[in-house]
Amino acid sequence: MVNPDNLVFKIIEHQSDDYKKAVELRSEILRKPLGLAYSQEELEAENKQIHCAAFEGDRIIACLILVPKDETIMKLRQVCTATDFQGKGIGERLSLFAEEIARNKGFKKMFCHARKTAVPFYQKMNYKVISDEFLEVGIPHFQMEKTF
Ligand SMILES: CC(C)(COP(=O)(O)OP(=O)(O)OC[C@H]1O[C@@H](n2cnc3c(N)ncnc32)[C@H](O)[C@@H]1OP(=O)(O)O)[C@@H](O)C(=O)NCCC(=O)NCCS
């Protein structure tokens with residue numbers, strides 16, 4: 001059982017211990033199933049990005065990244081929830097936490113490259129599909145966006 005009162009949503013610092021935990025979770029959920037791994041260069045390039053995580057105690061159970069594209073448009077990427085916490089509303093709560101951060105910084109639009117399997121998850125949060133299907137990391141994706 002997840003007690004919603006025990007969950008904490010936070011921004012974490014690039015290269016911090018929490019960031020390393022988030023990379024482990026991303027690796028487990030997003031990369032290993034595709035036979036892929038992060039390179040040092042890829043992770044170093046994330047230093048200007050905004051890293052958000054959901055914690056239960058010391059454990060990161062979901063995380064995502066925000067990438068400012070210009071003054072009004074924010075990209076949402078690398079959204080994932082630990083397998084044993086999926087389907088409990090945590091991905092949605094973390095995404096809404098991230099949206100709040102973007103909105104408070106004056107951004108007007110969020111977009112993401114959604115895996116085809118995750119499209120219904122974003123649709124629940126009112127993201128709309130705005131592209132044809134395309135391949136990224138070898139699997140089908142759609143661009144989706146939401147205007148605040
Ligand atoms: C996709 C993912 C981030 C969703 O996170 P989550 O914490 O499991 O999602 P939530 O429990 O917050 O789901 C919110 C709503 O979306 C729905 N939903 C979530 N994933 C879904 C899916 N793959 N298909 C259909 N509906 C889905 C949930 O049923 C829930 O709906 P409800 O409110 O009617 O019950 C998570 O399942 C995950 O990490 N998947 C593997 C990695 C991945 O695909 N990441 C997305 C990359 S674009």
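Both ligands and their constituent atoms are indexed starting at 1 by order of listing.
- With respect to R26 and E46, a salt bridge is recorded, a charged nitrogen being found less than 4.0 Å from a carboxylate O.
- Salt bridge present: E133 and K116 bring a charged side-chain N and a carboxylate O closer than 4.0 Å.
- The atoms of ligand 1 that sit less than 4.0 Å from any heavy atom of L30 are 42 (C), 43 (C), 45 (N).
- F134 and H113 have their aromatic ring centers within a separation under 6.0 angstrom.
- Of all atoms in ligand 1, listed by their number and element, those nearer than 4.0 Å to a heavy atom of I29 are 39 (O), 41 (C), 42 (C).
- Considering both main-chain and side-chain atoms, K124 comes within under 3.5 Å of ligand 1 through a nitrogen or oxygen pair.
- Atom 23 (N) of ligand 1 has its closest protein heavy atom at T117 O, 2.9 Å.
- Crowding of E13 atom CD: a count of heavy atoms from other residues, nucleotides or ligands under 6.0 Å not exceeding 12.
- For the pair K146 and Y122, the NZ or CZ position fails the cation-pi test of under 6.0 Å to the six-membered ring centre and within 45 degrees of the ring normal.
- In terms of protein heavy-atom proximity, atom 40 (N) of ligand 1 is nearest to Q86 NE2, 3.7 Å.
- Considering only non-hydrogen protein atoms, atom 39 (O) of ligand 1 sits nearest to T81 N, 2.9 Å.
- Annotation for ligand 1: atoms under 4.0 Å from non-hydrogen atoms of P120 are 24 (N), 25 (C), 26 (N).
- Of all protein heavy atoms, the one closest to atom 44 (O) of ligand 1 is R115 CD, 3.7 Å.
- When each atom of ligand 1 is checked for a heavy atom of Y122 under 4.0 Å away, the hits are 48 (S).
- Atom 28 (C) of ligand 1 is never approached by the protein to below 4.0 angstrom, counting heavy atoms only.
- For atom 12 (O) of ligand 1, a protein heavy-atom neighbour is present inside the 4.0 Å cut-off.
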Check: Given the rule in the salt bridge (Lys or Arg N to Asp or Glu O under 4.0 Å) test, do E100 and R103 qualify, once you have shown the distances and angles that lead to the verdict?
Finding: CA-CA 5 Å; E100 189 70 16; R103 229 190 337 262; 2.8 Å; yes
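- Residue K88 touches ligand 1 through its backbone alone, judged by heavy-atom distances below 4.0 Å.
- L34 and I29 fall into different hydrophobic clusters, where Ile, Leu, Val, Met, Phe, Trp and Tyr residues are linked whenever their side-chain heavy atoms come under 4.5 Å apart, directly or through other members.
- A salt bridge links R31 to E42: one of the charged nitrogens lies within less than 4.0 Å of a carboxylate oxygen.
- When each atom of ligand 1 is checked for a heavy atom of G91 under 4.0 Å away, the hits are 5 (O), 6 (P), 7 (O), 12 (O).
- For a threshold of 3.5 Å applied to N or O pairs, the pair formed by E92 and ligand 1 contains at least one separation below that value.
- Within the structure, ligand 1 has G87 among the residues with a heavy atom less than 4.0 angstrom away.
- Remark: minimum distance from atom 20 (N) of ligand 1 to any protein heavy atom is reached at F121 CB, 3.7 Å.
- Nearest-heavy-atom check against atom 46 (C) of ligand 1 across V119, T83, V79 picks out V79.
- The local environment of CG in N6 is crowded, with over 12 non-hydrogen atoms from other residues, nucleotides or ligands closer than 6.0 Å.
- Not a single protein heavy atom sits closer than 4.0 Å to atom 2 (C) of ligand 1.
- Between E99 and F107, the closest side-chain pair of non-hydrogen atoms is not below 4.5 Å.
- For CG of D70, the number of neighbouring non-hydrogen atoms (other residues, nucleotides, ligands) closer than 6.0 Å is greater than 12.
- Considering backbone and side-chain N/O of R93, none are found under 3.5 Å from N/O of ligand 1.
- Annotation: E71, atom CD; neighbour count of heavy atoms from other residues, nucleotides and ligands within 6.0 Å does not exceed 12.
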